Structure formats: structure tokens, C-alpha cells
Number of protein chains: 2
Amino acid sequence: MNKAEKFDESLQELARFAKVISHPARLAILKYLADTKSCISGDISDYLPLSRTTVSQHLKELRDVGLIHGEIDGLKINYCLCSEEIERFLGMFENFFEPVSKAKIIC
Amino acid sequence: MNKAEKFDESLQELARFAKVISHPARLAILKYLADTKSCISGDISDYLPLSRTTVSQHLKELRDVGLIHGEIDGLKINYCLCSEEIERFLGMFENFFEPVSKAKIIC
DNA sequence: ATCTAGTGTCGCAAACATACGACATTGCTT
DNA sequence: AAGCAATGTCGTATGTTTGCGACACTAGAT
């Protein structure tokens, strides 16, 4: 049923990025990490109104797409933003929206 | 089950925007409209590898969030980008990512 | 060696998204 | 008025996401 693969790879990649940031919990995690620079997984689930399991899954999605990065520190895991990948995505995003934004139309 | 409403309204709004642009078909529609400036619904479904029904639904989602705008012209409907709303969303997006992007972290 | 704390993974249920054919509606055209 | 063309909406099937409890794993503490 899924026809997503029929589109340009560049559109698919941007769509994947958009999907990852399309949940407020994941945006909240990014924001929290931007504030704290780095913190352990438990801090994040304490901070959010979600169970630890659910937060763990959201973290996994952010990890899978490369926006964050987790470093093992004994028992704990320190998460931090991955600036390089974030920059790459923002570049793609701007690249896409530049012509869209330029096509000034008055509705 | 949905706990999205437990988060800041600003995060929810950005998440809604991200969700709408999280499908390659909808990105392709935006791109197409940026190129053609304005075109009728049928042109879009001819252009995309999807049925007319499905395209109509994607158009509805873009319309609902305000990114595009359809004007009735007899039997046809002319769609065009809604620059004002696009700018508003891009502003929100940049506003959110500015601090995230600034928190330079080397992974 | 046992206990505990911090995490991840599995399996499930509920909700939501995607895709489409069939049908309804509306406005031109003859 | 009858027919056709452009579009939207409904119903439905299938796939994906969200959320969580129960379980498993591992590293340090006792």
C-alpha cells in the first residue's frame, strides 16, 4: 500500500526528517537537550508526561535518524544532540523551502 | 491514548506542521505548486503516481493546515501556495531550531 | 554472589494514516 | 434537459504510530 518509495529520494528523506519531528514529545526532547546540553535518559522521562518505555521509543526514533546520540556511561546513557546531522537536515529543509517561499502568492 | 495535548501549544503546532509535510506526496505537491504558481487539482493527480482520490485527500490536509488555498473556477479548482501561512510556519520552525542548532555538540 | 538502578526490547491494544473504488455533487456544453 | 467532466466525500482495507506493562540485561553497590 505504501507508495512513498515512488517519489524522489530527496523528498523521501525530507519527509522522514519531518516525520521524526512531527510529535511534540520528540520536539520537547530536542528542546530539553538543547537546554541541558547532555543528560541521561531517566532525566528526560522524568521531565516528560510519558512513561519511561514511551520516552525510550521516542529516543530510539531520534537516534535512528541521527538527530541525537547516546553515549554509555556505566549504567547510565548520556544523550546529546548531534549538531552535524541537525545542520544537514536544516540545510535540506531550507533548500526545499527556499523556492516554495519565493513563489510569493497572495491568497 | 493520545498524549500530544499534554505538551506546549507551540510544540503541538510545530508538530502539526511537521506532520503535514511528513509525506513525500505532500512535499511533491508543494514543490509542484511552487513551480507552476497555480494549477488545477487534476494536473496534480496526473503528475503524481497516486490515484485522484488519494491526491484529493493530501490536498485536503495541506488545505486544512493552511499551506495551500483552492479557488473555484467554474468546474475546476485552482490550487496555489499560501505564502503568508508558509512564512508563519517557517518562522516557527526557525524559532524552534535556532537554539537547538546553536547548542553545538561534537558527537 | 546478590541486590538494585538505569535502560532497552517485546508484545499487545488503541488510534491514526494511507490508498483507493464507488458514489455524489456541481457546473459547463450541447 | 441530458450528458460529461472535474472534483469532493464515504466506506473500507491495510499498514503505521503511540503508549504502556512485563520482562531481560548490565554495571555498580553491598
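Every chain is numbered from 1, with letters handed out A, B, ... down the list of sequences. Note that the structure is a prediction, hence the values are computed from the model and not measured.
- In the hydrophobic cluster analysis, where Ile, Leu, Val, Met, Phe, Trp and Tyr join through side-chain heavy atoms closer than 4.5 angstrom, Y47(A) is grouped apart from I40(A).
- Atom CG of L33(A) is separated from atom NE2 of H69(A) by 12.5 Å, given to the nearest 0.5 angstrom.
- One can place CG of N78(B) at 11 Å from P of dG8(D), the figure rounded to the nearest angstrom.
- Sequence order on DNA chain D of the closest nucleotides to G74(A) and K76(B) puts K76(B) first from the 5' end.
- Put simply, chain A comes within 4.0 Å of DNA chain C, heavy atom to any atom, from dA5(C) to dC20(C), going 5' to 3'.
- What separates CG of D64(B) from P of dT9(D) is a distance of 9 Å, to the nearest Å.
- More than 12 heavy atoms of other residues, nucleotides or ligands sit less than 6.0 Å from atom CD of E87(A).
- Phosphate contact (OP1/OP2 of dC20(D), side-chain N/O of K3(B), threshold under 4.0 Å): present.
- Nucleic acid contact for K6(B): none, since no nucleic acid atom lies under 4.0 Å from a heavy atom of the residue.
- With rounding to whole Å, H23(B) atom NE2 is found 15 Å from dG15(D) atom P.
- For an aromatic pair to be called close, the ring centres must be under 6.0 Å apart, and F97(A) with F93(A) satisfies this.
- One side chain, S51(B) or T54(B), offers a donor N or O that lies under 3.5 Å from an acceptor on the other.
- The separation between I40(A) atom CD1 and dA27(D) atom P is 16 Å, rounded to whole Å.
- We find that E9(B) and R16(B) are joined by a salt bridge, their nearest charged nitrogen and carboxylate oxygen being less than 4.0 Å apart.
- For the OP1/OP2 pair of dA6(D) and a distance below 4.0 Å, the side-chain nitrogens and oxygens of Y79(B) include no atom meeting the criterion.
- What you find for L50(A) and A25(A) is that their closest heavy atoms are CD1-CB, 3.7 Å.
- Looking only at side-chain heavy atoms (C-beta outward), R88(A) and E13(A) come within less than 4.5 Å of each other.
- Between D64(A) and K60(A) there is a salt bridge, since at least one side-chain N of the basic residue sits less than 4.0 Å from a carboxylate O of the acidic one.
- Within residues 41-61 of chain B, the residues approaching DNA chain C are L50(B), S51(B), T53(B), T54(B), Q57(B), H58(B), E61(B), by heavy-atom distance under 4.0 Å.
- Residue whose closest nucleotide on DNA chain C sits further toward the 5' end, between N2(A) and I77(A): I77(A).
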